[in-house]
Amino acid sequence: MSLKIVPCFLKEANAYIKQWHRHNGPVITARIVLAAADAITGEIQGVGIAGLPRARALDDGNTLEIYRCATQGAHNACSFLYGALWRAARAIGYTSMITYTLSREPGTSLRAV
């Protein structure tokens with residue numbers, strides 16, 4: 001399946017997260033909200049949300065935090081969204097990006113990016 005990035009409203013992304021994310025709920029605010037869609041059908045395969053770092057010490061004006069990445073399991077969708085979030089963040093002037101994973105998660109998508 002070929003994916004493409006499409007714009008997404010936070011409300012729509014939160015609905016998707018409610019349905020597909022394994023352990024996190026909705027996000028209240030965000031700087032960047034993107035969706036990955038099937039390039040042929042347009043069906044949303046995943047969403048990514050980034051915003052200001054929650055830890056005050058990391059909120060230096062140059063850093064964004066990836067809050068959520070949720071997919072239906074489409075091949076490489078998480079890595080695709082992480083990369084797109086980073087490119088969007090760089091395009092608007094951010095120089096670093098952080099995220100967190102649970103210790104039981106392998107972090108394969110993050111290593112791929």
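All residue numbers in this chain count up from 1 along the given sequence. Reckoned from all heavy atoms, side chains included, excluding hydrogens, waters and symmetry mates.
For the atom pair CG of N76 and OG of S2, the computed distance is 11.0 Å after rounding to the nearest 0.5 Å. Atom CD of Q72 sits about 7.0 Å away from atom CD of Q19, to the nearest 0.5 Å. Atom-to-atom distance recorded for Q45:CD and T71:OG1 is 8.5 Å, nearest 0.5 angstrom. The distance from atom CD1 of I49 to atom CG of L81, rounded to the nearest 0.5 Å, is 10.5 Å.
For the pair C8 and V47, the tightest heavy-atom approach, listed with the atom from each and the gap, is SG-CG1, 4.4 Å. When all heavy atoms are compared, the tightest approach of I66 to Y82 is CD1-CD2, 3.4 Å. Nearest heavy-atom pair across V27 and Y67 is CG1-CD1, 3.5 Å. Taking each heavy atom of F80 and I5 in turn, the nearest pair found is CE2-CD1, 3.4 Å. For the residue pair P26 and R68, the shortest heavy atom distance occurs at O-NH2, 3.7 Å. Listed here is the closest heavy atom pair of A89 and M97: CB-CE, 3.6 Å.
Residues satisfying the side chain to side chain donor-acceptor pair (under 3.5 Å) criterion with Y94, sequence neighbours excluded, are absent altogether. Residues satisfying the side chain to side chain donor-acceptor pair (under 3.5 Å) test with E12, not counting sequence neighbours, are none.
Other residues, nucleotides and ligands contribute more than 12 heavy atoms inside 6.0 Å of the CD1 atom of I92.
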Requested in this report: Carefully, step by step, assess L52 and T29 under the rule side-chain contact (heavy atoms from CB on, under 4.5 Å).
Outcome: CA-CA 9 Å; L52 298 177; T29 67; over 6 Å; no
With a 3.5 Å cut-off and sequence neighbours excluded, list the donor-acceptor pairs that the side chains of residues 31-39 form with protein atoms.
residue	atom	partner	partner atom	Å
D38	OD1	I40	N	2.7
D38	OD1	T41	N	3.0

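I17 and V6 fall within the same hydrophobic cluster, where Ile, Leu, Val, Met, Phe, Trp and Tyr residues are linked whenever their side-chain heavy atoms come under 4.5 Å apart, directly or through other members.
Note on residues 50-62: pairs passing side-chain hydrogen bond (donor to acceptor under 3.5 Å, both in side chains), not counting sequence neighbours, are D60-T63.
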